[in-house]
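Quick note: numbers below take in every heavy atom, side chains included, and nothing from hydrogens, waters or symmetry partners. Since this is a predicted model, take the numbers as computed values, not measurements.
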Amino acid sequence: MNHKPHSKLWLYFTMIVFGTIMAAFLLSVGLWLLSYRWGVVDAHPLDRHVPVMLFLAISILVGTIIALFVGRLIIRPVQQISDAFDELSKGNFTVRVPGGEKIAEIREMSERFNSMAYDLSHIETLRNDFVANVSHEFKTPISAIEGYATLLQDPSLSKEKHDHYVDKILDNSGRLSNLTSNILALSKLENQEAIIRKNEYRLDEQLRKVVLLLENKWSPKNIEFDIELPRQIYYGDEPLLDQVWINLLDNAIKHSPEGAVITISLQAEEHQISIRIADEGDGMTEDVQKHIFEKFYQGDRSRKEAGNGLGLALVKRILELCRGSITVISAPGQGATFTVTLPNR
């Protein structure tokens with residue numbers, strides 16, 4: 001950090017200290033003069049036998065010591081914070097102010113500045129990652145569509161290859177459409193603070209309908225379901241929670257091997273409802289579990305083409321709006337269990 005001279009600050013402080021010293025000195029001389037006139041003291045304040053200059057020198061010395069001490073306690077940390085703000089305004093979010101100041105207010109100001117700078121650096125990192133990921137996610141399917149469309153221009157192309165390239169274009173178009181929809185939905189939800197449209201509906205029936213909706217994905221893999229869904233009335237936004245169950249079950253199907261079993265259970269208590277979705281997939285490491293709800297994060301890079309890393313971020317935001325929560329328990333080779341908790345009215 002480059003420290004620029006804060007001449008005005010020091011000038012003002014020096015003027016205040018000098019003015020205080022001179023005022024105290026003149027006040028002392030004035031009181032002495034009054035005491036002389038009233039006969040309290042015998043010596044005139046301007047008498048050559050009175051060491052007036054000595055008193056003045058002592059006053060200046062004491063004032064200078066006080067100025068240096070106060071300057072070290074107040075002026076220096078204020079300068080550091082001012083310099084840090086200059087660096088922050090230039091986009092340097094790694095700047096920090098040294099802590100441990102003796103004055104509580106300045107120490108608290110330094111701590112708040114460092115906290116703010118840390119938050120801004122984290123936001124900047126997320127923003128850069130978001131832009132990079134969005135650019136990459138859009139570029140990949142667009143490039144694929146362009147490539148397959150170019151290949152379709154070959155007049156000698158066989159019908160089999162023609163149909164294959166058309167399928168690839170449709171797949172990438174669907175991926176692009178899904179990505180756009182998820183980004184728009186997540187952006188809308190992040191700017192939303194509360195759920196307005198609510199109604200009572202059967203939560204257990206909603207989960208069964210989502211399982212049937214995804215039949216075309218689990219049926220080819222011969223996946224079975226172990227379902228324990230007692231009757232449960234829930235008051236909330238049904239279309240929003242549809243997205244939660246679709247994303248969670250789609251992930252469970254995607255990561256389950258052939259012939260696996262997916263468990264879905266619902267348990268209602270006095271104040272909350274817990275929905276558990278467990279698969280028999282490859283599982284996740286602890287590091288993956290820490291980041292799994294972040295935008296565009298994909299722990300399994302081999303399945304990158306099957307998703308865009310926004311599904312679980314969307315799920316988490318929806319549950320936050322519903323005043324609910326989601327947790328995951330997993331280990332490599334032991335599948336994953338997602339537990340959604342919703343408030344029970």
Side-chain angles (χ1 to χ4, degrees), residues 118-119 121-141 175 178-179 182-183 185-186 189-190 207 210-211 214 217-218 220-228 243-267 272 274-320 322 324-342:
Y118 173 80
D119 291 340
S121 65
H122 187 60
I123 292 171
E124 180 68 9
T125 301
L126 290 177
R127 186 186 70 83
N128 291 336
D129 290 345
F130 179 79
V131 171
N133 284 321
V134 167
S135 301
H136 176 74
E137 293 293 339
F138 271 101
K139 183 179 179 180
T140 303
R175 180 181 172 187
N178 183 55
L179 173 63
N182 281 343
I183 289 176
L186 190 58
L189 290 171
E190 285 181 338
L207 286 161
V210 171
V211 172
L214 298 174
K217 295 191 175 183
W218 55 260
K221 299 177 74 171
N222 297 316
I223 292 175
E224 297 183 0
F225 287 86
D226 181 7
I227 296 177
E228 185 181 346
Q243 296 184 54
V244 171
W245 313 130
I246 289 172
N247 274 294
L248 291 178
L249 285 171
D250 184 60
N251 276 345
I253 295 168
K254 187 192 306 178
H255 293 93
S256 294
E258 293 274 348
V261 176
I262 294 177
T263 303
I264 307 174
S265 62
L266 185 154
Q267 183 178 0
Q272 69 179 28
S274 298
I275 299 91
R276 179 174 163 269
I277 299 175
D279 63 57
E280 297 178 343
D282 297 330
M284 294 174 281
T285 63
E286 289 186 9
D287 185 60
V288 171
Q289 293 176 56
K290 291 177 183 178
H291 303 282
I292 197 170
F293 296 105
E294 295 177 4
K295 301 173 192 174
F296 294 107
Y297 182 81
Q298 290 178 291
D300 188 354
R301 294 291 175 180
S302 64
R303 300 178 186 267
K304 189 170 179 61
E305 291 187 359
N308 47 50
L310 288 176
L312 290 177
L314 198 61
V315 165
K316 184 179 180 183
R317 181 54 186 161
I318 291 172
L319 293 174
E320 287 174 348
C322 294
S325 62
I326 183 169
T327 57
V328 59
I329 298 176
S330 182
Q334 298 182 21
T337 299
F338 287 88
T339 302
V340 172
T341 303
L342 294 169

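- The two residues K221 and K254 have their closest heavy-atom pair at NZ-O, 3.5 Å.
- No side-chain heavy atom of V328 sits under 4.5 Å from any side-chain heavy atom of L312.
- Using a 4.5 Å cut-off on side-chain heavy atoms (C-beta onward), F293 and L319 make no contact.
- The closest donor-acceptor contact from the side chain of W218 to the backbone of V211 lies under 3.5 Å.
- One distance of note links CD1 of I292 with CG of N251; it measures 7.0 Å at 0.5 Å rounding.
- Taken to the nearest 0.5 Å, the CD1 atom of I275 stands 7.5 Å off from the OG1 atom of T341.
- Side-chain contact between V340 and W245 is present, with at least one heavy-atom pair separated by less than 4.5 Å.
- Summarising the geometry of R276 relative to T339, their closest heavy-atom pair is CG-OG1, 4.3 Å, with the distance given to 0.1 Å.
- Annotation for Q272: atom CD counts as buried by contact number, over 12 foreign heavy atoms lying within 6.0 Å.
- E280 is listed as a side-chain neighbour of V261, based on a closest heavy-atom distance under 4.5 Å.
- Side-chain contact between I318 and L314: present, with at least one pair of heavy atoms (C-beta onward) separated by less than 4.5 Å.
- Rounded to the nearest 0.5 angstrom, F225 CZ and L207 CG are separated by 11.0 Å.
- From D279, atom CG reaches atom OG1 of T337 across 7.0 Å, with rounding to the nearest 0.5 Å.
- Other residues, nucleotides and ligands contribute more than 12 heavy atoms inside 6.0 Å of the CD atom of E320.
- Expressed to the nearest 0.5 Å, how far CD1 of I253 lies from CD1 of I223 amounts to 6.0 Å.
- G335 and S330 get closest at one heavy-atom pair: O-OG, 2.7 Å.
- Here the closest non-hydrogen pair linking G281 and P257 is CA-CD, 4.2 Å.
- In terms of heavy-atom proximity, V315 sits nearest to Q243 at CG2-O, 4.4 Å.
- Enclosure of atom CD in E258 by more than 12 non-hydrogen atoms of other residues, nucleotides or ligands within 6.0 angstrom is indicated.
- Under the 4.5 Å side-chain criterion, counting only non-hydrogen atoms from C-beta, L248 is in contact with I326.
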